[in-house]
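Note that the structure is predicted; figures quoted are calculated from it, not measured.
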Amino acid sequence: GSIHDASYRHSLGLPDWKPLPLMRDFLITLRGLLAGERVDYEGTAVTLHGVSLGRRANAPRVPVILGALGPGMVRLAGEASDAAALNWCTPEQIAWSRERLNEGAARAGRDPGEVKLVEYIRICVDEDEDTARLALARAVMGYALARPGASKEHGYRAHFARMGFDAALSDLEARRERGASTDEIADAFPTDLLSLVGYFGRAAGAGPAFRHLAQGLDTAIVRVVPARPGPAAVLAVAEACRPGG
């Protein structure tokens, strides 16, 4: 997820490969190998000559899903993967991603219906709404706020900016630079941002919120954010989001 960051690449001893060519190489070769093909490929990061995994022709199909947020990566998912895995999206961002996915599929001559959209949707349930709000805020902070000194034009920080949250996040980052604690930042996190990308609150509202946030997805996965320590908080989310509930 941090492959766009040069310092991250250097920490792994990787050359300065650009993210899109790197992921294209992996997608093309992995899909071929997992399909039982003998792969010949020369790319930026991957070169294979006559390589296969020895999978049987009747082996179960293994889908390759690309975690993608930005327009280029979502288009690449449409070109060369079986699905794009989104994260922390509003329904409007899901629709935007579907358009980019379809563009990529069309560019590769694929049927857009063959490429799926999947996403985790964070749900935090507690009868004390403020407790649930703070738990969800802590869960999103590590994604939405740029690390000190890091670019705001890549990764999750850019993703949240595309959804209209740049000013709110810049304010929180400025507070952090002035010495605000993690608890203070969580308490100041905009409620509208939290409600647009996840759910916090009483159990009765979790199911309807999950269905709303899942609009436009082929597969939606409940990602539990426990409001309190212990299994009861996890079970509360599971029961609130139970199909038919």
Side-chain angles (χ1 to χ4, degrees), residues 1-2 63 65-69 74 83-98 116-147 155-157 159-165 168-169 171-173 175-176 180-245:
S2 296
I65 301 173
L66 176 63
L69 297 174
V74 178
L86 308 177
N87 202 6
W88 295 114
C89 283
T90 64
E92 293 77 16
Q93 189 68 14
I94 292 170
W96 176 90
S97 299
R98 176 72 71 180
K116 308 303 181 184
L117 277 181
V118 302
E119 186 189 7
Y120 285 128
I121 296 175
R122 267 69 166 194
I123 304 291
C124 186
V125 167
D126 200 275
E127 291 305 297
D128 183 333
E129 291 193 5
D130 197 52
T131 295
R133 177 183 66 83
L134 289 172
L136 185 61
R138 293 187 184 99
V140 75
M141 281 168 55
Y143 293 84
L145 297 178
R147 300 191 311 275
Y156 279 101
R157 182 58 172 81
H159 171 67
F160 279 91
R162 280 190 294 271
M163 293 189 291
F165 302 129
L169 295 176
D171 176 68
L172 292 172
E173 289 157 353
R175 295 190 192 199
R176 182 185 61 192
S181 68
T182 298
D183 287 345
E184 290 170 331
I185 297 296
D187 190 51
F189 228 86
T191 299
D192 60 341
L193 186 160
L194 299 175
S195 298
L196 286 168
V197 299
Y199 174 78
F200 67 88
R202 297 177 179 174
F210 178 79
R211 288 188 287 273
H212 170 70
L213 290 166
Q215 290 179 54
L217 296 171
D218 296 293
T219 301
I221 304 164
V222 176
R223 178 73 177 265
V224 175
V225 176
R228 304 170 188 268
V234 176
L235 291 172
V237 174
E239 180 61 27
C241 295
R242 177 173 52 87

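You'll find the side chain of Trp88 stays beyond 4.5 Å of the side chain of Leu69, heavy atoms only. Using a 4.5 Å heavy-atom threshold, the side chains of Cys89 and His159 count as touching. Here the side chains of Pro91 and Leu213 are in contact, with some heavy-atom distance below 4.5 Å. Ile94 places none of its side-chain heavy atoms less than 4.5 Å from the side chain of Gln215.
Under a 3.5 Å cut-off, the side chain of Glu173 and the backbone N or O of Ala146 do form a donor-acceptor pair. Panel note: side chain Gln93, backbone Thr90; no donor-acceptor pair is recorded below 3.5 Å. Judged by distance alone, with hydrogens and angles left aside, the side-chain atoms of His212 form no donor-acceptor pair with the main-chain N or O of Gly207 at under 3.5 Å.
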Inset, instruction - Please test Val118 against Leu217 for side chain to side chain contact (heavy atoms under 4.5 Å, CB included), starting from the C-alpha separation and ending with a verdict. - result: CA-CA 6 Å; Val118 302; Leu217 296 171; over 6 Å; no

Inset, instruction - Take Leu145 and Arg176 through the side chain to side chain contact (heavy atoms under 4.5 Å, CB included) test and state the conclusion after the steps. - result: CA-CA 10 Å; Leu145 297 178; Arg176 182 185 61 192; 3.8 Å; yes

Inset, instruction - Evaluate the side chain to side chain contact (heavy atoms under 4.5 Å, CB included) criterion for residues Phe200 and Ser195: first the C-alpha distance (whole Å), next the side-chain angles of each, then the deciding distance (0.1 Å), finally the verdict. - result: CA-CA 7 Å; Phe200 67 88; Ser195 298; 3.6 Å; yes

Inset, instruction - Begin with the C-alpha distance, continue with both residues' side-chain angles, and end with the deciding distance and a verdict on side chain to side chain contact (heavy atoms under 4.5 Å, CB included) for Leu169 and Phe189. - result: CA-CA 8 Å; Leu169 295 176; Phe189 228 86; 4.0 Å; yes

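With respect to the salt-bridge test (charged N to carboxylate O, under 4.0 angstrom), the residues Asp128 and Arg202 do not qualify. Using a 4.0 Å cut-off between charged side-chain N and carboxylate O, Asp126 and Arg133 make no salt bridge. A salt bridge links Asp218 and Arg98; the closest N-O separation between the charged side-chain nitrogens and carboxylate oxygens is under 4.0 Å.
Residues Thr131 and Arg228 approach most closely at OG1-NH2, 3.8 Å, considering heavy atoms. Here the closest non-hydrogen pair linking Ala240 and Ala203 is CB-O, 3.7 Å. Nearest approach of Ala180 to Ile185, heavy atoms of both residues: CB-CD1, 3.8 Å. When all heavy atoms of Pro190 and Leu172 are compared, the pair lying nearest together is CD-CD1, 3.9 Å. In plain terms, the two heavy atoms of Ala84 and Ile65 that are nearest each other are C-CG2, 4.2 Å. The two residues Ala135 and Val225 come nearest to each other via the heavy atoms O-CG1, 3.8 Å.
Here CZ of Phe160 is found 10.5 Å from CG of Leu196. Values are rounded to the nearest 0.5 Å. How far CD1 of Ile123 is from CD1 of Ile121: 6.5 Å, rounded to the nearest 0.5 Å. Atom CZ of Arg138 is separated from atom OG1 of Thr182 by 8.5 Å, given to the nearest 0.5 angstrom. Here the OG1 atom belonging to Thr219 is positioned 9.5 Å from the CG atom belonging to Leu117, to the nearest 0.5 angstrom. The distance from the OG atom of Ser181 to the CZ atom of Arg175 is 11.0 Å, given to the nearest 0.5 Å. To the nearest 0.5 Å, atoms CZ (Phe165) and CG (Leu193) are separated by 4.0 Å.
A cation-pi arrangement, defined by a distance under 6.0 Å to the six-membered ring centre and an angle within 45 degrees of its axis, is present between Arg122 and Tyr143.
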